[in-house]
Amino acid sequence: MARLTVPSVLTSPRDDAMQLYKAFKGLGCDKAAVINILAHRDATQRALIQQEYRSMYSEELNKRLAKELSGNLEKAVLLWMCDPAGRDATLVRKALSGDVIVATEVICSQIQYFKQLYHSMFGVYLEHMMITKSLGDMRRLLLAYARTMRYEGPEVDRGSVEHDAKALFKAGEKKLGTDEKAFIRIFSERSRAHLAAVSASYHSMYANSLKKAVKSETSGPFEFALLTILQCAENPAKYFAKELHKAMKGMGTDDTTLIRIIVTRTEIDISRVPQKA
C-alpha cells in the first residue's frame, strides 16, 4: 500500500487555492484536479491552502468542497482536510453518540493529545462524554486511559514487566472469574513499550498469549478495548491491516471503516501496514 508522498516541486498555497477555485467553476466539478492537489499535500500545506482560499474568495474551502463533492469522496476529502488532532476529536464525538467501539479505537490507538482540543471544539470534556455514552468496565477503562499521563519512552523495567505479567495471570487465567480492576490498572497506566514487553513475558512464562487470555477472560466492548490497547502497543500497523482486511472482505465494502483508517493513518503509519494481514 503506497504512502502519501508530497511532490518535490510544489506550487504555493495561493496557486493551489486558485487551481481549486478553477476546478469548482462551470458545470460540475473537476474532481480529478481536486484530488490531485489535496491528496498530495500534508496537514500544514492543507491548512495554508484553506487560509488562502478564505482570503481570496471569502468562502470556506470545506463548505465549497461539501457543495461540489458527494458520497464517499466527499466524506474522505472532508475528513482529510481536518488537522490530525481535530479529525480524531470529531471522530470520537460522532462515535460516542453511536459506535463506542470506533471511539475506543481512536482513543486507545492514540495518546491523549487531543483532549484539550476536544473541549475547545465541542465545549464538553471528553471524560464527560465517556461517562454518558459508555457503560461498566468499558467506561472505567476508557476513563482511566484518558485520565492517565503515561511515560511513552522505549525503556522498560524488566522487574516491573514480570510483575505485571504475573498480576494479569493471577487476575485472569489463575482466578475463578476475572479481576477486571487489575486489567484496567495495567492496561491504562503502562506505556506501549512496557505493555508489549508484558505480552512477550506473559507468553514466555505461561505458554499462552496475553491476547488469548484477554479473549477468554473478558467479553464485549471491554474485550475490544483491551485488545485494541494491546495490539496498538505491539504492532499498530498490523492491527489496522486486519481492520482494513475485515472492511474489504466478502461481498461489498465497509466504506466508512475504509475511509476512516486510510485517512487517519496515512500521515502516521499507513506505509508500514502490511499488504496481507
Side-chain angles (χ1 to χ4, degrees), residues 43-44 46-47 50-51 54 60-66 72 74-152 180-181 183-192 218 220-233 236 239-240 243 254-268:
T44 300
R46 296 195 301 271
Q50 291 183 76
Q51 292 177 14
R54 185 187 309 115
E60 294 296 332
L61 177 57
N62 281 3
K63 289 185 178 180
R64 187 59 186 265
L65 287 168
N72 288 327
E74 177 190 354
K75 293 177 184 177
V77 171
L78 291 180
L79 194 60
W80 177 243
M81 292 302 293
C82 297
D83 67 280
R87 181 189 300 146
D88 284 341
T90 300
L91 283 171
V92 168
R93 180 172 176 81
K94 289 181 179 179
L96 283 172
S97 297
D99 190 348
V100 178
I101 287 180
V102 172
T104 303
E105 178 186 279
V106 177
I107 293 167
C108 296
S109 65
Q110 306 290 333
I111 310 299
Q112 51 187 359
Y113 67 94
F114 61 89
K115 283 173 58 181
Q116 291 182 337
L117 180 61
Y118 187 96
H119 182 260
S120 67
M121 289 176 64
F122 306 118
V124 62
Y125 289 104
L126 178 59
E127 290 91 333
H128 175 73
M129 289 294 290
M130 291 176 183
I131 291 172
T132 59
K133 300 296 183 178
S134 56
L135 299 171
D137 293 322
M138 169 77 158
R139 177 169 64 189
R140 285 186 280 274
L141 175 61
L142 291 183
L143 284 172
Y145 198 89
R147 288 170 175 171
T148 302
M149 295 297 293
R150 285 170 296 280
Y151 164 76
E152 284 296 354
E180 289 85 0
K181 291 182 180 179
F183 279 85
I184 291 171
R185 176 177 56 81
I186 293 172
F187 275 65
S188 66
E189 294 180 1
R190 305 300 189 254
S191 71
R192 284 173 290 186
T218 61
F222 182 53
E223 174 193 345
F224 177 87
L226 290 173
L227 291 175
T228 300
I229 294 172
L230 180 60
Q231 292 174 101
C232 287
Y239 167 78
F240 284 105
E243 292 303 304
D254 182 349
D255 294 318
T256 299
T257 297
L258 193 64
I259 290 169
R260 184 184 78 250
I261 294 176
I262 293 294
V263 172
T264 60
R265 306 305 296 188
T266 290
E267 293 174 298
I268 300 174

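Nothing fancy with the numbering, it's 1 onward along the sequence.
Annotation: side chain of L79 is in contact with side chain of L91 (closest heavy-atom distance under 4.5 Å).
Separating the CG atom in L142 from the CZ atom in F222 is a distance of 10.0 Å, to the nearest 0.5 Å. Between the CD1 atom of I229 and the CZ atom of R190 there is a distance of 12.5 Å, given to the nearest 0.5 Å. Rounded to the nearest 0.5 angstrom, T228 OG1 and E223 CD are separated by 9.5 Å. Taken from CZ in F240 to CD1 in I262, the straight-line distance is 11.0 Å, to the nearest 0.5 Å. Between the CD1 atom in I184 and the CG atom in L226 there is a gap of 7.5 Å [rounded to 0.5 Å]. Rounding to the nearest 0.5 angstrom, the gap separating the CG atom in L65 from the CD atom in E74 is 9.0 Å.
Shown here are the salt bridge (Lys or Arg N to Asp or Glu O under 4.0 Å) partners of R140, two or more places apart in sequence or in another chain: D137. Legend: residues meeting side-chain hydrogen bond (donor to acceptor under 3.5 Å, both in side chains) with E60, ordered by chain and number and at least two apart, are R54.
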(message) Walk me through whether M138 and F224 qualify under side-chain contact (heavy atoms from CB on, under 4.5 Å).
(response) CA-CA 9 Å; M138 169 77 158; F224 177 87; 5.7 Å; no

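Taking every heavy atom of both residues into account, A76 and I259 meet most closely at CA-CG2, 3.7 Å. The minimum heavy-atom distance linking Y239 with Q231 is given by the pair CD1-NE2, 3.8 Å. Closest non-hydrogen pair, L61 versus Q50, comes out as CD2-CG, 4.0 Å.
A side-chain donor-acceptor contact under 3.5 Å links R150 to the backbone of Y145.
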